[in-house]
Structure formats: structure tokens, C-alpha cells
Amino acid sequence: MERLKANKTKLWELVRDYTEGTPYAVEERCVCRFWKAYRRPDYYLEWMTDEGLCRASLVPVMGRVLLSVDVDRGHWDRVMLKRISMNDLRRRGMVVDLTTAAERKRERGISHE
């Protein structure tokens, strides 16, 4: 099983690549705030632009990963929504293999009988 894994630098690079050339692009030397949702595989990045406060969300949904960017202009406007390929995320080192306890037991040949 694979799991989405991000840190501030990796998410910043992903957002930079997908927002380059737009008015809400994340800049090289901007102050960003990064956090992960509690008990969920969702990651967020916030930064300021001339457009206002911007928030990027990286969220796995039904086996796909979506990157959305919203801008706060008195109310939140969604300015971008992209599906990110798993190959792109693997290349960036944002996907890790996760082995569950049941899979480890199966590999060692341990049964519950």
C-alpha cells in the first residue's frame, strides 16, 4: 500500500511548479505556513501574494491526489484545481510504501490459528 508523505519543502516545490506564471504563484523567498491535517493524509501550505492570502491543499481522494489553490479576497475563491499523477509524486519522493501489520505477519507466515 502506498501513502502520501510531504514536508514543507516538497509541497512548496510542487506548488511552485504548478502555479508558476500566475498571479498567485508562490515566490522564492516568501514566508509560508505548512501543516498536516490531524489523522488525515491532507497537507496545506499558506503564503501571501498581491492577490491576498493563498492556500494550497494536497488531498488524496478516491485513489487520486488533487492539488487546489484558493485565494482569500474577502471570501475564498478556488483559482486552481489539478489532478497530480502518482508518477510525478513518486519522482518527487512524496509517496512512500506502507506495510501494515497484517501484511508483515503474512510475509512471515504467522497465522491466527
Side-chain angles (χ1 to χ4, degrees):
M1 180 164 58
E2 294 178 323
R3 180 181 218 169
L4 184 63
K5 184 74 173 167
N7 59 30
K8 185 176 182 178
T9 303
K10 289 179 182 180
L11 184 56
W12 180 86
E13 289 171 350
L14 180 76
V15 172
R16 178 197 60 195
D17 292 347
Y18 280 92
T19 63
E20 192 172 17
T22 63
Y24 48 86
V26 62
E27 296 177 8
E28 191 71 33
R29 298 279 180 201
C30 74
V31 176
C32 297
R33 188 175 90 123
F34 168 82
W35 73 96
K36 181 187 179 302
Y38 179 69
R39 289 189 174 183
R40 295 193 42 91
D42 305 347
Y43 295 91
Y44 302 94
L45 188 72
E46 280 186 345
W47 68 98
M48 285 296 296
T49 65
D50 294 337
E51 294 283 310
L53 179 66
C54 298
R55 178 181 297 155
S57 308
L58 186 66
V59 180
V61 179
M62 303 288 291
R64 298 182 174 150
V65 179
L66 299 177
L67 175 67
S68 65
V69 177
D70 302 316
V71 178
D72 185 8
R73 301 177 180 134
H75 61 282
W76 287 99
D77 286 332
R78 174 140 306 145
V79 292
M80 186 189 82
L81 180 64
K82 296 260 186 194
R83 179 178 171 208
I84 309 298
S85 73
M86 291 301 285
N87 289 334
D88 187 17
L89 293 171
R90 279 188 201 97
R91 184 179 54 80
R92 294 173 186 270
M94 297 177 73
V95 176
V96 295
D97 286 328
L98 179 68
T99 306
T100 63
E103 289 171 338
R104 285 190 298 270
K105 284 181 183 177
R106 201 171 319 124
E107 287 172 2
R108 286 185 265 157
I110 300 173
S111 66
H112 295 289
E113 297 176 26

Enquirer: Is any side-chain heavy atom of Leu58 closer than 4.5 Å to a side-chain heavy atom of Leu14?
Expert: yes
Enquirer: How far apart are the closest heavy atoms of Leu66 and Val61, and which atoms are they?
Expert: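 Between these two residues, the closest heavy atoms are CD1-CG2, 4.2 Å.
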Enquirer: Check Thr22 against Thr19 and note the closest heavy-atom contact, atom names and distance.
Expert: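 Answer, listing the atom of Thr22 first, then Thr19: OG1-O, 2.5 Å.
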Enquirer: Which heavy atom in Ala25 sits nearest to a heavy atom in Thr49, and how many Å separate them?
Expert: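 Smallest interatomic distance, heavy atoms only, reads O-CG2, 3.7 Å.
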Enquirer: Counting only heavy atoms from other residues, nucleotides and ligands, does the tally under 6.0 Å from CZ of Arg73 exceed 12?
Expert: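 Correct, the count exceeds 12.
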Enquirer: Decide yes or no for Arg55 and Tyr24: does some side-chain heavy atom of the first lie under 4.5 Å from some side-chain heavy atom of the second?
Expert: no
Enquirer: Please check if the side chain of Asp77 supplies one atom and the backbone of Val79 the other of a donor-acceptor pair under 3.5 Å.
Expert: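 It does not hold such a pair.
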Enquirer: Quick check: do Trp76 and Val71 have side-chain heavy atoms less than 4.5 Å from each other?
Expert: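 The answer is no, as the side chains (C-beta and beyond) never meet within the 4.5 Å cut-off.
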Enquirer: Under 6.0 Å from the ring centre and within 45 degrees of the ring axis: does the NZ or CZ of Arg33 meet both conditions for the six-membered ring of Trp47?
Expert: no
Enquirer: Can Arg90 and Glu2 be said to form a salt bridge (charged side-chain N to carboxylate O under 4.0 Å, His left out), step by step?
Expert: CA-CA 10 Å; Arg90 279 188 201 97; Glu2 294 178 323; 3.0 Å; yes
Enquirer: Please report the interatomic distance SG(Cys32) to CZ(Arg16), rounded to the nearest 0.5 Å.
Expert: 11.5 Å
Enquirer: Do you know which two heavy atoms are closest between Pro41 and Leu4, and how far apart they sit?
Expert: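 Smallest heavy-atom distance, with atoms named: O-CD2, 3.6 Å.
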Enquirer: Given side chains that start at C-beta, do those of Val59 and Ser68 come closer than 4.5 Å, heavy atoms only?
Expert: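 Contact flag for Val59/Ser68 side chains = no.
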Enquirer: Do Val31 and Met48 come close enough that some side-chain heavy atom pair is under 4.5 Å?
Expert: no
Enquirer: Taking side chain as C-beta onward, heavy atoms only, is Ser57 less than 4.5 Å from Tyr43?
Expert: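 A side-chain contact under 4.5 Å is absent here.
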Enquirer: State the NZ-CG distance between Lys82 and Asp17, to the nearest 0.5 angstrom.
Expert: 12.0 Å
Enquirer: Assess the side chains of Tyr18 and Asp88: does a donor N or O sit below 3.5 Å from an acceptor N or O?
Expert: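 Side-chain D/A pair, Tyr18 to Asp88: present.
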Enquirer: Any ion pair linking Glu13 and Arg92 (charged N to carboxylate O, less than 4.0 Å)?
Expert: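 Here Arg92 does not pair with Glu13 in a salt bridge, since their nearest N and O are not under 4.0 Å apart.
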Enquirer: Decide yes or no for Val65 and Met86: does some side-chain heavy atom of the first lie under 4.5 Å from some side-chain heavy atom of the second?
Expert: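 When only atoms from C-beta onward are counted, Met86 and Val65 do touch, with a gap below 4.5 Å.
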Enquirer: Taking atom NZ of Lys36 as the centre, report whether more than 12 heavy atoms of other residues, nucleotides or ligands fall under 6.0 Å from it.
Expert: yes
Enquirer: Between atom CZ of Arg78 and atom CE of Met80, what is the distance when rounded to the nearest 0.5 Å?
Expert: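 CE of Met80 is found 10.0 Å from CZ of Arg78.
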Enquirer: Once rounded to the nearest 0.5 Å, what's the spacing between atom CG of Leu11 and atom CG of Leu67?
Expert: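 Here the rounded value is 7.5 Å.
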Enquirer: If every non-hydrogen atom of Phe34 is compared with every non-hydrogen atom of Ala6, which pair is closest and at what distance?
Expert: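 Minimum heavy-atom separation between Phe34 and Ala6: CZ-O, 3.9 Å.
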Enquirer: Counting heavy atoms not belonging to Arg91, are there more than 12 under 6.0 Å from its CZ?
Expert: yes
Enquirer: To the nearest 0.5 Å, how far apart are NZ in Lys10 and CE in Met94?
Expert: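 Going from the NZ atom of Lys10 to the CE atom of Met94 covers 7.5 Å.
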Enquirer: Under a single-linkage rule joining Ile, Leu, Val, Met, Phe, Trp and Tyr whose side-chain heavy atoms are separated by less than 4.5 Å, which residues share a cluster with Tyr44?
Expert: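 Result for Tyr44 is Trp35.
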Enquirer: With a 4.5 Å limit on heavy-atom distance, are the side chains of Glu46 and Leu53 in contact?
Expert: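 Heavy-atom side-chain distance check passes, below 4.5 Å.
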